[in-house]
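Structure, as structure tokens:
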Amino acid sequence: MTDTKSGTEPEAAVPVDPNVVSVTLNGRAIEAQKGELVIAAAQRHGVYIPRFCYHERMSSVGMCRMCICEVDTGRGPQLTPTCMVAVAPNMVIDTESEMTKNVQQGILELLLANHPLDCPVCDKGGECPLQDQAFSHGPGESRYIEEKRHFEKPIPISDLVYLDRERCILCDRCTRFADEVAGDALISFTSRGNETHITTFPDEPFSSYFSGNTVQICPVGALTAKPYRFKARPWDLAQQESTCTTCSVGCRIVIDSSRDEVLRYMGVDSEPVNHGWLCDRGRFNFESTKSADRVLQPLVREHDELHEVSWNEALAAAASIIEEAKAAGGAAGVAVIGGARGTNEDAYAWARLAHEVIGTPNVYSQMGDGLPADLLRLDRATIDETASATTIVLLAPDLKEELPVLYLRLREAAEKKRSRIIEFTPKQTGLTRHAWRSISYEPGSQVAAVNEALADAEIAAQLAKGDVVVVFGRANLAETITASVQALHRLLAAAPGTKLLPAFRRGNSVGALQVGLRPGAGGLDTRGVLQAAADGKIDCLVLVGADPLADFPDTELARRGLAGARRTIAVDTFLTGSSARADVVLPACAFGEKDGTTTNLEGRVSNVVRQVSPAGNTRPDWMIASGLATALGSDLGYANVGEITLDIAINVPGFDHVTSAALAASADGVLSGTPTAIWPVTLLEGTAPERNSYDLRLVISRTLYDQAVGTATSPSLAHLPRGSAVHLHPLDLARVGTADGVEVKVRSARATIVLPVVADASVVRGTAWLPWNNPGPNPGELIDCFAAVNDVRIENL
Amino acid sequence: MSSYTWAPGFIDDGDRPQIVTSRFQYEDGHTLERYLATGGYAGLKAALARTPVQVHDEVKAATVLGRGGAGFPAGTKWGLTPVEVWPRYLVVNGDESEPGTYKDRLLMERDPHQLIEGCLIACYAAGLSQCFLYIRGEMALAQERVATALNDAYAAGYIGRNILGSKFSVDVVLHWGAGAYVVGEETALIESLEGNRGMPRLKPPFFPAAIGLYGKPTIVNNVETLANLPWLLTHSAAEYTAIGTATSPGTRMVAVSGHVKRPGVFEIVNGTTTFRDLLYGAEFCQGIRDGNELKAFVPGGGSAPWFLPDQLDLPFEAKLVGAAGSMLGSGAVMVMDETTDIPTAAHTLTRFYAHESCGKCVPCREGGTWLERIMERLADGRGTESDLAQLLEIGQTICPGPFPHAASERLGLEAAPFPFKMTTICFVGPSAYTSVHSAITLFRSEFEAKLIKRKLIPVSVGATDDGH
Amino acid sequence: MSRLNDANEVLAKEIIGRYPKARSATIPLLHVAQQQNGYITNEAIAHIAELVGATSAEVLGTCTFYEMFKMQPVGKYLINICTTMSCALLGAEQLVQHAEQHLGIKAGGTTPDGLFTLERAECQAACTEAPCLQANYRYRYRVTPAQLDQFLDDLADGRLDAEIPPHGVVARVRQSIPVDRGVGAVAPDEVHEAPAWMSLGEKS
């Protein structure tokens, strides 16, 4: 016997990495990481152990037993589910032993026993883990001659997902995802044993914002997505990686197309960003690309009607509008707003066109619903830094509604007890139940709320405990950003070293601001532009994918601005409320039809690709800018998008290392640096007035599904917005003399609209919450965007 | 008289030591009055007079083996909790439902205070700050008796805050199930107690003692195990180990059912009593019914491989029974006489485990049901030769490699010892296969006799044998 | 309207209060619901989900795992005849067939008058008393066909009402922890120290 007790003989002084565990895999020595599951360690070393229930982004359950291998930890080879057991020193793993193979074949035969084997009519056929592993690890034939389990063929479990329980192998992936990752445990195993199946509760569909992920992770064809059912076979698909630009999280995706038509997006597991997950809005709004309502030809208004013209005619018409405007009121008479939804290259070309060719300082990519651009100069956190910070402070909108995958990341941080969340919010959010402290405030009193929190010894101690990241965004569209910025600076002063993650909403907000779609010296922001237009001071308003009537949180000013601008040029994919009124409409390519790069909220630049041909006669925004420059007698000098990427690297501070080569080398994208050319950080002045006790303070924020053009023109999503309503705290209902479901007048200083009341305990008492841009009366009518806060009164009809 | 109408099945003939059944003789043995009049809660007082460590040491010294099936010593189990991780919980497994097993229900119905006192002693010794007493859902009377006992014991100051004026404070919460055999498995029991479907969790490396209820260290003990503690504390480890053998000290309750003259529940001396004693002894079952011959018996609950008359002289000792190809399990002997139709008898057990599969592990969920369907066919005389081979192959997916079975002189068969390899988390899957394997291994001819007799239908009148 | 009634909601909250996590009360509360309505309604599941902080789907998942919970109405008396091995060896199948004839239904069915539901049951932990059965979880041991006839008649005629309550009622005695005696449940994550008595004997 060898004495292995420590201390009996001196150990050779070999430096040992405490995080490395040496194990034997199929006879060869490998180095695994401490705590790493055997199945993952084997995969990293090129040995694929078959599996169905195991998923690297979820906890292991050991349900399917497919990954069982012989593992020896000193007690002789044991049949071990390798998804449940972490590597241990001197472990001997055999994934190819006779017994391992027999077990895997046996289990596959059992998995197939009740499976219908309807592969020829199954969407998953060709990319099905069950099909693939039946071939690679299965017995080759089934001896099961008994009657199979029968269930009603696919049943809808949500608006977007169908479930075929006969195909289901009960791997617990979708149910685990719903519970563990999304926090929407609306699907569950029911019954027991051989009768077990997945179901929703009657009349409570799987209405998760993340339901599409279950389709992607289903290892069989049990879950299928309505928009993709029977659309294609996997072997007919062409695919490329890209970046979703629906919001500013910038999830990595694969675009699958067939016959020049986008058929689906799939999430890509990008470690720093989305971990493979997507929200349903991002996943399914590809449908809008092929909408029949797209603007496919350049349009010019004649006799108060838009007529199709050639690009040359349209560009000439646009150029002459700009020339006339400049002649009438100087370059400042031209204003360019929008551009946060395109690529960096689109934004850069438009910024050069506006600033250099036209020469106007009145340029802005945000629509009055965004954040001060100078926040980008603060020390910015990455998503990873945020999701691993000791303390995450939320001074932000409901991330579940606005930046859903960021919500998943932060939810996970709280659930795994990595981070504590301190939330300041004017309405309970998706993260409220995961927050260590959720502090609600009435709009205007942010600073007081923060001061009070900082005076709490436990909170102060928590902030001093480790790194702090503030997620900062626009929690309420019915107030100016002033009070929130003041509160932010109070926090930054109290916790030095705190980093900031700016919760911009639109896909390329950060990129557009950084590459130049921001005011020049003395220039106006969007609110200023609309006010100036309303005052008759703007002769030409250029809308670059901008729809102020839908986006700008003061509908009356938007309307007056559009009416007051003498001429309007719109670059758009659809005729929106705003672009339909333009004098010239220049049809733009949609996502998936153009190449380029985009910048997410943390400053990460990643590529977007052209996977299908541009619809009709559409062009990418950068090419439109280029063409317009030419029509104006200038030359931006770009023949292709790569030249702009290079130009950005050369000219834009913080982008010097963001080259095509660097992007090609890193699938996860490249972090850009902090810009230097944005105004210095300033503290906004002003305080909100007291609220009259008969009034309610107005809170308006976004819901994931609204009437945004990408949603409204995607048939699978278009009916999902819940509709406009005024939500009041149940305890406020009696005080204002109304009840749940009753229609009331909501009166502000600006306007009165009629809406149904919804009793909603997530609303702060003394406030009234309305969803933005939902079907029904437009709450933007109620907002005065110059007022620090807006108050409303609820009146009976 | 040696049996009591209020304790159906219980027989205390003979002069055997009684550690846990001493109050079964009283019709009011379940009341606090009778309990106190017969030395009740003296064990708790004796415990409180010592330090928790001393009490724990006493239990360790007595080697009180777990009575739920695995036979793991309780004192050792209590010591497996990680250092300085709090809170720790006690979960009492009163979900008795292993086929053949009938003892915990009697203990709960007849002497609930003894169980409660055992819980309190365990909590005191191991620092368990709350106790959950999980009683099988179908046991209405046991629930009523334990509820009454708990209410009385709370009122009398034996449970709750500052028990008997000491620093010891613990709540004992009555919890009850709703019908699922698998919940008797300790990790499934914890899932069920957390309000979930009772699906077992994989244990190594996270045994409940380390990560249990609510992720906290949790001791799961069987009812009978805990019922031993009051006696142990009023007596001593030395007196406890003086009964039985060194490896199997004390007594244990055993239910003998099936084709014996006098089925019953007995408290027997552990380690020395043999199966022959039990089945044929005058103070026990008094032989096979109607003077028939013994064909086979299940020695340790429905999950245990079967024994033949060859094994009658084995004592109730885990190692010896294991080496002989079976296990003692939960103290349940089911006896089959010569009239038994083996395929049918085996099918009832396979059906039980297939029905009770939680559905988590594929080999059990799919394999168990497949086994059951084939067994049904064979029992009904609709089976074929290939079905027999198929059964054993499905078994190889659930339990790869050699499977334990008894020795048989008749068949010239050597014993294959316990344990076996398995591809499932818990024993429900293997248990579905156990009776299949035992029955085919030991009584193959009975299956063959029932195979479907296919007769060729003549092609035409006058056709020759080769069809022409 | 088959959510928990007011009295049962009070009871439910008392039961929830005994557990460190509310979710643990799911099965006891489903029993309360079944006691109230004789079976489990979807409304009761939704109500219990609210009370224990789970989704209705999760409570449904738990509920359907356990055999005692019936998602459809059953007879006033649920007759479970054990058919597992010990009982099978001593005539359980014959007893089932006899019960089927007596009641005029197949196992799994309910008599048209709503009085009896007959089920084949698995082991009831009374193996020495085979064949055995339960009526609403109250035992009858070593049952002969004649005794079965008498028993069913007694039930039908109400002669056993005192002993055997209608389906849904399991235990008629409930635990009740006196306020002045109970220690009270503490959320698991809020306990970090050994209980007070563990320090006994440590000093000196």
Side-chain angles (χ1 to χ4, degrees), chain B residues 8-9 51-53 86-87 96-97 99-102 105 124 127 129-130 137-138 140 143-144 147-148 150-151 154-155 160-161 166-171 173-174 176-180 192-198 214 216 255-259 263-265 302 334 336 340 345 348-349 352 355, chain C residues 18-21 23-28 30-31 52 54 61-62 65-69 80 83-86 88-90 122-130 134 136-139 141 170-178 181-186 188 191-198 200-201:
Chain B
T51 67
V53 173
W86 308 98
E96 179 172 69
S97 37
T101 313
Y102 171 34
R105 180 163 72 85
Y124 179 74
S129 54
Q130 200 171 1
E138 292 97 330
Q143 290 166 31
E144 289 176 356
T148 306
L150 285 170
N151 291 344
Y154 261 105
R161 236 178 280 161
S166 71
K167 283 168 88 175
F168 177 44
S169 300
V170 72
D171 274 335
V173 173
L174 172 60
W176 58 108
S192 182
L193 186 50
E194 290 183 359
N196 301 326
R197 300 162 58 77
Y214 313 126
K216 302 297 177 187
V256 187
S257 59
H259 295 154
V265 185
M334 292 184 281
M336 291 169 263
T340 309
T348 65
L349 285 176
F352 175 86
H355 176 78
Chain C
R18 293 176 201 161
Y19 295 93
K21 289 192 174 177
R23 193 84 179 253
S24 281
T26 303
I27 291 173
L30 285 164
H31 276 298
V52 303
T62 295
F65 188 85
Y66 299 92
E67 284 178 51
M68 289 175 74
F69 297 132
N80 284 319
T83 58
T84 315
M85 191 167 193
S86 300
L89 289 172
L90 291 167
E122 299 290 5
C123 187
Q124 297 173 341
C127 310
T128 66
E129 310 309 295
Q134 286 186 328
N136 294 347
Y137 309 107
R138 264 77 184 169
Y139 287 93
Y141 301 121
V170 186
R172 287 163 301 187
V173 182
R174 285 190 182 280
Q175 180 178 20
S176 162
I177 300 178
R181 290 290 312 141
V183 181
V186 184
V191 181
H192 305 288
E193 289 174 356
W197 71 87
M198 289 308 279
L200 289 174

Name the region of C:His192, side chain, backbone, both or neither, that has any atom closer than 4.5 Å to a heavy atom of chain B.
backbone
In terms of heavy-atom proximity below 4.5 Å to chain B, should C:Glu122 be classed as side chain, backbone, both, or neither?
both
Out of C:Leu30, C:Val170, C:Val52, return the one with the most heavy atom pairs under 4.5 angstrom to chain B.
C:Val170
So which of C:Pro178, C:Ala88, C:Gly61 has the biggest tally of heavy-atom pairs under 4.5 Å with chain B?
C:Gly61
Between B:Ser166 and chain C, with a heavy-atom cut-off of 4.5 Å, which part of the residue counts as in contact: side chain, backbone, both or neither?
neither
One option among B:Gly160, B:Ala178, B:Ala140, B:Pro263 has the most heavy-atom pairs under 4.5 Å with chain C, and it is B:Ala178
Distance-minimising heavy-atom pair for B:Gln130 and C:Pro20:
OE1-CG, 3.3 Å
Residue pair C:Arg23, B:Glu194: steps toward the salt bridge (charged side-chain N to carboxylate O under 4.0 Å, His left out) verdict:
CA-CA 6 Å; C:Arg23 193 84 179 253; B:Glu194 290 183 359; over 6 Å; no
Minimum side-chain heavy-atom gap C:Gln175-B:Tyr154 below 4.5 Å:
yes
Can you tell which of B:Val173, B:Thr148, B:Val170, B:Val256 has the highest number of heavy-atom pairs within less than 4.5 Å of chain C?
B:Val173
What part of B:Leu349 lies closer than 4.5 angstrom to a heavy atom of chain C: side chain, backbone, both or neither?
side chain
Using non-hydrogen atoms and a 4.5 Å limit, figure out which bit of C:Val186 sits close to chain B: side chain, backbone, both or neither.
backbone
Checking heavy atoms, do the side chain of C:Ala54, its backbone, both or neither come under 4.5 Å from chain B?
neither
Restricting to non-hydrogen atoms, name the atom on C:Arg174 and the atom on B:Ala147 that form the minimum distance, rounded to 0.1 Å.
C-CB, 4.0 Å
Non-hydrogen atoms of C:Met68 and B:Gly179 that approach each other most closely:
SD-N, 3.9 Å
Which heavy atom of B:Ala345 sits nearest a heavy atom of B:Thr340, and at what distance?
CB-CG2, 3.8 Å
What option among C:Asn136, C:Thr128, C:Thr26 has the most heavy-atom pairs under 4.5 Å with chain B?
C:Thr128
For chain C, which of B:Glu96, B:His259, B:Met336 has the most heavy-atom pairs under 4.5 Å?
B:His259
Taking side-chain hydrogen bond (donor to acceptor under 3.5 Å, both in side chains) as the test, write out the residues that go with C:Arg181, two or more places apart.
none
Could you tell me which portion of B:Val265 (side chain, backbone, both or neither) has an atom closer than 4.5 angstrom to a non-hydrogen atom of chain C?
both
Check C:Tyr66 against B:Asn196 and note the closest heavy-atom contact, atom names and distance.
OH-O, 2.9 Å
Closest contact, heavy atoms only, B:Ala255 versus B:Gly100:
CB-O, 3.6 Å
Given the options B:Leu150, B:Thr348, B:Leu193, B:Asp171, which has more heavy-atom pairs under 4.5 Å with chain C than any of the others?
B:Asp171
C:Arg138, part contacting chain B, at a heavy-atom distance under 4.5 Å
side chain
Turns out that what part of C:Ala130 lies under 4.5 Å from chain B's heavy atoms comes down to neither
So, C:His31 and B:Gln143: side-chain donor and acceptor under 3.5 Å apart, yes or no?
no
